[in-house]
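Notes for the one structure printed next.
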Amino acid sequence: MTTDDIKNLAEALQYGENAKDSKAQINKVLGNKSCVTIIKEFKNLMPELQNKNRNKGLLIVILSILYKNIGLMHKLQKVLTIEGLIPNLYGALCIFFSGKNSTFHLEVNLTDSQFPNRYDYLTRFSGQFAEQQKIQEILYAVKILAMSDKAKFEELAFKDNTRLILLNMTSFQLNEFPSDTLIRRLLRNGDELQANIGFYFAVWDITTDGHDYTQLRLNPNSPYTKTKRQINKNLKCHLETFYNLYNCCSTERKASLLVNYILSERKYPRAFGYWLMESTLQEALIFEITESNKITNLDKLCTIAHLIHDFPCKDNNGVRIKKDKLYVAVLIVLKSFILEKKGIYSWDTSQETVFRNICKVMPQRYLKQLYKLLEKESKNLMVSKLDEMVRFSIYLKDKKHWDICQGMMGVINSHKTK
């Protein structure tokens with residue numbers, strides 16, 4: 001093997017017009033040699049390469065072997081371990097996934113920034129992060145590192161600026177569940193996407209258990225059937241494990257992650273409601289409701305309004321405190337929906353039902369405030385017969401908003417009379 005061979009392999013991987021051409025060019029260089037022979041030949045070539053190119057060259061050779069035959073992964077892992085090249089593979093992958101080398105990196109454009117709720121992003125695109133051919137080989141190279149050195153693999157996963165390793169942890173290419181140490185690090189020190197990935201794994205047993213835990217209470221003296229007792233025992237175990245991980249987060253991050261999960265999954269363990277309503281999280285929860293842009297429609301606001309109503313807010317001594325600020329936060333969102341004409345785009349029976357459910361749990365004084373705003377807003381809309389005749393485009397837009405205001409006012413009025 002020569003330095004020119006390495007260049008030709010790199011060109012085949014990067015610039016091949018299609019898979020068939022790339023494989024033909026790789027075959028021209030590697031021929032029918034075994035992966036053991038190829039790796040040994042490369043090791044003999046390493047003294048001729050500049051220090052900065054040795055690790056990169058090794059990764060190019062590994063990717064070429066995998067591109068030619070993905071089934072050689074285990075043999076590759078064995079020979080790389082025997083030849084002492086796993087540290088070199090780790091070094092190459094660190095360079096590749098850092099994105100700092102202009103000619104040796106993976107171009108990835110994630111859309112997670114478009115999702116205020118990053119947990120929504122993870123669940124919506126789960127299983128779709130390794131579809132491209134070029135990504136699959138690099139993930140198999142990462143798998144070789146995972147098989148050889150779990151600690152270095154997890155360090156790489158945390159430092160990976162593309163986030164592809166974390167996003168593909170449970171893909172068939174990697175199939176590596178993160179350790180509690182990595183999950184804790186993601187939750188505590190990771191960016192927004194990393195923290196939600198950490199949460200995704202922290203709550204894995206609860207989400208994938210298959211039981212509906214929403215109504216179960218952690219009371220060992222409750223008269224459950226044997227089956228329910230077993231479910232409750234499983235839940236308690238899962239929640240204790242989860243809490244030990246989640247508890248390392250800051251107050252703001254705790255509120256953010258719990259809100260993300262609750263809005264995304266809708267069904268959640270009652271313990272999540274109790275934790276989110278702790279007085280220490282109240283200000284952070286208010287921010288999540290009013291400032292995070294995660295509450296985008298009545299349905300999501302209904303979920304939060306019922307959570308506020310259903311769970312007590314207690315201080316550190318277990319004493320209940322008022323929830324007024326939280327209800328005000330819900331009111332602020334409702335007002336913004338009306339004034340900014342967002343969140344509710346038409347009025348129909350489904351929207352009416354959701355709003356009715358919100359009204360059921362809101363204190364009357366806040367509904368009265370909302371009613372006054374709706375009344376004032378309605379008066380300013382151009383929905384008269386004259387407007388319909390001379391300002392038709394404005395009339396159409398205002399009429400839709402007027403229908404929303406009138407519909408909400410009708411629900412509030414009917415709620416008052418009950």
Side-chain angles (χ1 to χ4, degrees), residues 1-108 130-149 152-153 156 160-162 164-165 168 171 173-174:
M1 183 173 287
T2 66
T3 54
D4 284 341
D5 289 334
I6 304 299
K7 291 178 183 177
N8 290 333
L9 290 174
E11 185 178 326
L13 291 169
Q14 190 170 359
Y15 301 112
E17 292 181 5
N18 55 52
K20 188 176 180 181
D21 290 345
S22 293
K23 191 166 284 189
Q25 193 168 339
I26 289 170
N27 282 333
K28 193 181 293 185
V29 176
L30 300 182
N32 293 320
K33 296 175 185 175
S34 70
C35 65
V36 174
T37 300
I38 295 167
I39 294 300
K40 286 185 176 181
E41 285 185 3
F42 177 80
K43 189 175 181 181
N44 291 332
L45 178 68
M46 285 177 70
E48 298 179 30
L49 301 173
Q50 295 180 355
N51 286 339
K52 63 180 181 179
N53 291 328
R54 290 174 185 171
N55 293 349
K56 289 160 60 177
L58 175 63
L59 185 55
I60 289 168
V61 170
I62 290 171
L63 292 177
S64 299
I65 294 170
L66 291 172
Y67 197 94
K68 183 180 178 182
N69 185 353
I70 209 75
L72 293 172
M73 182 182 68
H74 290 281
K75 286 186 178 179
L76 253 178
Q77 189 269 335
K78 186 175 180 181
V79 68
L80 289 169
T81 301
I82 292 171
E83 297 297 330
L85 294 174
I86 295 299
N88 300 85
L89 172 60
Y90 170 69
L93 290 170
C94 284
I95 297 170
F96 191 78
F97 282 101
S98 71
K100 295 177 182 178
N101 189 301
S102 59
T103 61
F104 191 72
H105 70 280
L106 187 62
E107 197 72 44
V108 176
E131 291 181 345
Q132 297 179 43
Q133 177 71 26
K134 65 179 182 179
I135 294 177
Q136 293 188 30
E137 276 74 38
I138 194 66
L139 289 178
Y140 280 117
V142 172
K143 176 66 175 179
I144 289 173
L145 177 66
M147 292 160 61
S148 309
D149 192 325
K152 276 189 167 56
F153 161 71
L156 174 69
D160 167 24
N161 284 325
T162 72
L164 277 181
I165 297 175
N168 285 284
S171 68
Q173 292 96 341
L174 290 182

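Annotation for L139 and L174: closest pair O-CD2, 3.3 Å, computed over non-hydrogen atoms. Between S22 and A12, the closest heavy-atom pair is OG-O, 2.9 Å. Here the shortest heavy-atom pairing between A141 and L89 reads O-CD2, 3.8 Å. Contact record, I60 with S64: O-OG, 2.8 Å, taken as the closest heavy-atom pair.
The side-chain heavy atoms of F42 and L49, taken from C-beta on, include a pair separated by under 4.5 Å. Side-chain contact between L59 and I138 is present, with heavy atoms from C-beta onward closer than 4.5 Å. Side-chain contact between M73 and K143 is present, with at least one heavy-atom pair separated by less than 4.5 Å. When side chains are defined from C-beta on, L72 counts as touching K75, because their heavy atoms get closer than 4.5 Å. The closest side-chain heavy-atom distance from L85 to M46 is below 4.5 Å. Residues Y90 and N55 are not in side-chain contact: their nearest non-hydrogen atoms beyond the backbone lie 4.5 Å or more apart. Residues L80 and S148 fail the side-chain proximity criterion, which asks for heavy atoms closer than 4.5 Å. Residues I62 and Y140 fail the side-chain proximity criterion, which asks for heavy atoms closer than 4.5 Å.
The distance from atom CG of L13 to atom CD of E137, rounded to the nearest 0.5 Å, is 8.0 Å. Distance check: M147 CE to L76 CG gives 9.5 Å after rounding to the nearest 0.5 Å. To the nearest 0.5 angstrom, C35 atom SG is 10.5 Å from K78 atom NZ. One distance of note links CG of N53 with NZ of K7; it measures 9.5 Å at 0.5 Å rounding. Atom NZ in K152 sits 10.0 Å away from atom CD1 in I86 (nearest 0.5 Å). Rounded to the nearest 0.5 Å, atoms CG (L106) and CD1 (I135) are 5.5 Å apart.
Partners of F96 under the ring pair (Phe, Tyr, Trp, His ring centres under 6.0 Å) rule, at least two apart in sequence or in another chain, are F104. Applying the side chain to side chain donor-acceptor pair (under 3.5 Å) test to T81 and every residue at least two apart in sequence or in another chain returns Q77. In this structure D149 satisfies the side chain to side chain donor-acceptor pair (under 3.5 Å) test with no other residue, sequence neighbours excluded. For S34, the side chain to side chain donor-acceptor pair (under 3.5 Å) partners are T37, not counting sequence neighbours.
Here salt bridge (charged side-chain N to carboxylate O under 4.0 Å, His left out) pairs that include residues 53-71, with residues two or more places apart or in two chains, number zero. Sorted by first and then second residue, the salt bridge (charged side-chain N to carboxylate O under 4.0 Å, His left out) pairs involving residues 86-100 (not counting sequence neighbours) form an empty list.
When D4, L30, L63 are each tested for a side chain to side chain contact (heavy atoms under 4.5 Å, CB included) with L9, only one passes: L30.
The closest side-chain donor-acceptor pair between D160 and T162 falls under 3.5 angstrom.
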Residue pair I65, I26: steps toward the side chain to side chain contact (heavy atoms under 4.5 Å, CB included) verdict: CA-CA 8 Å; I65 294 170; I26 289 170; over 6 Å; no
Evaluation steps, side chain to side chain contact (heavy atoms under 4.5 Å, CB included), between V61 and M1: CA-CA 10 Å; V61 170; M1 183 173 287; 4.1 Å; yes
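Judged by distance alone, the side chain of E83 and the main-chain N or O of K43 form no donor-acceptor pair under 3.5 Å. Side-chain atoms of D5 come within 3.5 Å of backbone atoms of T2 as a donor-acceptor pair (strictly under, hydrogens ignored). Without hydrogens or angle criteria, N161 side chain to S98 main chain gives a donor-acceptor distance under 3.5 Å.
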